[in-house]
2 protein chains.
Amino acid sequence: MSQKFKSLKNDKETKLQDILQVALKMFARYGYKKTTIEDIAQEMGMTKSNIYFYVANKKDLYEKTVGNELIQWRDTIGREVEQVEDIVEKFRIMVSRAFEYLFSHKDLHTIVVNDPGIFTLSRDQDRFLEINLGAMQVIRMVLQQGVSQGRFYPVDIDVTTDLLFSIYIMFLIKTSVASEIQSVSRMVEAGTELILRGLCAP
Amino acid sequence: MSQKFKSLKNDKETKLQDILQVALKMFARYGYKKTTIEDIAQEMGMTKSNIYFYVANKKDLYEKTVGNELIQWRDTIGREVEQVEDIVEKFRIMVSRAFEYLFSHKDLHTIVVNDPGIFTLSRDQDRFLEINLGAMQVIRMVLQQGVSQGRFYPVDIDVTTDLLFSIYIMFLIKTSVASEIQSVSRMVEAGTELILRGLCAP
DNA sequence: ATTTGAACAAATGAGTCAAAAGTTCAAAAG
DNA sequence: CTTTTGAACTTTTGACTCATTTGTTCAAAT
């Protein structure tokens, strides 16, 4: 029975994932407003009322769709960072791979461009706070390792994590504005080296 | 005649300044939409049509009002920075005084909170680009001095100026969101020290 | 050079309405 | 017991009208 229960849950979770993939394409192509539940149901070959078996409402569907992508993004970078030995190199990889990921996932990138509210500098209007707290955890780990290894200055971990995450979001906002992508990547590079110099103890 | 011309221009400029001061109070109190040209004219003791002798239209009045404040802000900080000898202290003063200024000018602060578009990370939707380019000039000067004195690493001045200005705007956006003011000021302090360490050559 | 009043133009808010989209749920299907 | 459906219900949207307010212009007066 536990077996059956689990397999059923898996089926539901799998179909939800299918829905989220379809929704991702739709939202990227038409935007939130122009995409209807019926559109997505049709593409899935089901009726729109059935969508409500998987999500609570349209907004929930959208947030599950975007949130799903953000989680994969975060976890991918987290895994890649873990595999790097040297702490300075780890920091560089964390930054560069995070930006590369966004550029190579066009649907997510399009959604982000059309919905600037996804990245916000104000914590209390962050619709993906929980996910972002996890992303901050990646930064925090790197700082902690650097400090405990004696490679970094003994900075205040919490404040510095907030600071670096805010700078990261600032760059994401800048890259989300279609124009000026070239100048931003130069700024990211310069910023990474400047901050690494500021972090590293002599 | 040159004398007369000049005094007349001064009168006009002076009255424009009066209008901008009245408009500042009004816009801070009621916001852009709820403030009418008639409100301001009445407060000035003139008719609304006369306002158009000083400004082109309502939007122009608003931008002159805000722009005027931004220019005073920028110039005040610029003057204060000039008077500091030591380059590191100069950098610290530039940052701390810029934030203190905003907090001590409540009308400007209120307007900024109600119109988040005043501070934008996207250059091509910056309504005050010209003024902000001047503000960046203050940063650029400090960087140039630091580098030419050999106190700072020979960083790329243009890219680093862009970077620091973006971080500055990021902080302004965060402080414009009523909440979390305390945590932001700690981040500004931490950020200033981190960046100074990254800038300073050993 | 400044100011005004009167006239004109544009924007706004309230109200109506039908169509479209979102949502619920009892019953059917598997 | 899980999943799906069709039909009914509710909410939102967009198009339209209309009176009022607000923004803007300009010739004439100060």
Side-chain angles (χ1 to χ4, degrees), chain A residues 1-66 114-115 117 127, chain B residues 1-66 114-115 117 127:
Chain A
M1 182 178 142
S2 162
Q3 180 63 19
K4 184 181 177 185
F5 186 67
K6 193 175 176 184
S7 90
L8 284 171
K9 273 213 95 168
N10 270 344
D11 281 358
K12 186 170 181 181
E13 177 59 30
T14 301
K15 194 154 237 175
L16 173 59
Q17 284 296 326
D18 291 347
I19 292 172
L20 297 187
Q21 289 310 310
V22 168
L24 180 71
K25 295 273 179 215
M26 286 291 198
F27 286 132
R29 177 103 177 69
Y30 299 111
Y32 180 80
K33 222 174 149 184
K34 290 283 188 187
T35 302
T36 70
I37 302 274
E38 183 120 40
D39 286 338
I40 294 165
Q42 227 156 41
E43 188 73 21
M44 285 293 296
M46 55 171 69
T47 59
K48 64 176 175 175
S49 57
N50 196 23
I51 298 284
Y52 288 87
F53 183 68
Y54 298 94
V55 300
N57 50 48
K58 188 181 179 183
K59 199 178 160 205
D60 180 47
L61 170 57
Y62 181 72
E63 281 174 1
K64 277 191 166 67
T65 301
V66 177
N114 293 326
D115 181 2
R127 288 172 282 161
Chain B
M1 181 177 143
S2 160
Q3 181 63 20
K4 184 180 176 185
F5 186 67
K6 192 176 175 184
S7 90
L8 286 171
K9 273 212 91 166
N10 270 344
D11 281 358
K12 187 170 181 180
E13 177 58 30
T14 301
K15 194 154 237 174
L16 173 59
Q17 285 297 325
D18 291 347
I19 292 172
L20 297 186
Q21 289 311 309
V22 168
L24 180 71
K25 295 272 179 214
M26 287 290 199
F27 285 133
R29 177 106 177 68
Y30 299 110
Y32 180 80
K33 221 172 150 185
K34 290 282 189 188
T35 301
T36 70
I37 302 274
E38 183 120 39
D39 286 338
I40 294 164
Q42 227 156 40
E43 188 74 20
M44 285 293 296
M46 55 170 69
T47 60
K48 64 176 176 176
S49 56
N50 196 23
I51 298 284
Y52 287 86
F53 183 67
Y54 298 93
V55 301
N57 49 49
K58 187 181 179 183
K59 199 177 161 204
D60 180 48
L61 171 58
Y62 181 72
E63 280 173 2
K64 276 190 167 67
T65 301
V66 178
N114 293 326
D115 180 2
R127 287 173 282 163

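So that the names make sense, note that chain A is the first sequence line, chain B the second, and so on, each numbered from 1. Here the structure is a predicted model, which is why all the values come from computation and not from measurement.
A sub-4.0 Å separation between OP1 or OP2 of D:dT12 and a side-chain N or O of A:K59 is absent. Note on A:Y52: every side-chain N or O is 4.0 Å or more away from OP1 and OP2 of D:dT3. An OP1 or OP2 oxygen of D:dT12 is reached within less than 4.0 angstrom by no side-chain nitrogen or oxygen of A:K33.
The residue among A:G45 and B:Y32 whose nearest nucleotide of DNA chain D lies closer to the 5′ end is A:G45. When the nearest nucleotides of DNA chain C are assigned to A:E38 and A:N50 by heavy-atom distance, the more 5′-ward of the two goes with A:E38.
The closest side-chain donor-acceptor pair between B:T14 and B:D11, if any, does not fall under 3.5 angstrom.
Rounding to whole angstrom units, CD1 of residue A:I37 and P of D:dT12 are separated by 14 Å. Atom P of nucleotide D:dT3 and atom NZ of A:K15 are separated by 9 Å, given to the nearest angstrom. Straight-line distance from the NZ atom of A:K58 to the P atom of D:dT12: 13 Å, rounded to whole Å. Distance NZ (A:K12) to C1' (D:dT4): 12 Å, rounded to an integer number of Å. Taking atom CG on A:L16 and atom P on D:dT4, their separation rounds to 12 Å, with Å as the unit. The CD1 atom of A:I51 sits 14 Å away from the C1' atom of C:dA21 (whole-angstrom rounding). Computed from coordinates, the A:Y62 OH to C:dG22 C1' distance equals 18 Å when rounded to whole Å. Computed from coordinates, the A:M46 CE to C:dA28 P distance equals 21 Å when rounded to whole Å.
Within the nucleic acid shown, B:K48 comes within 4.0 Å of at least one base atom, counting heavy atoms only.
Of the candidates C:dT23, C:dT2, D:dT22, C:dT2 carries the atom nearest the B:Y54 side chain, counting heavy atoms from C-beta on. Comparing atom distances between the B:N57 side chain and each of C:dG22, D:dT4, D:dT24 picks out D:dT24 as nearest. When the nucleotides C:dT2, D:dG23, D:dT2 are ranked by their closest atom to the side chain of A:F53, D:dT2 comes out on top.
Judged by distance alone, the side chain of B:K58 and the main-chain N or O of B:Y32 form a donor-acceptor pair under 3.5 Å.
A salt bridge links A:R127 and A:D115; the closest N-O separation between the charged side-chain nitrogens and carboxylate oxygens is under 4.0 Å.
Applying the 6.0 Å contact sphere to NZ of B:K25 captures no more than 12 heavy atoms from other residues, nucleotides or ligands.
Side-chain N/O atoms of A:S49 and base N/O atoms of D:dG6 include a donor-acceptor pair closer than 3.5 Å.
D:dA19 and C:dT12 make up a base pair, with Watson-Crick or G-U wobble contacts both under 3.5 Å.
Atoms CG and CE, from B:N50 and B:M44 in turn, are 9.0 Å apart once rounded to the nearest 0.5 Å.
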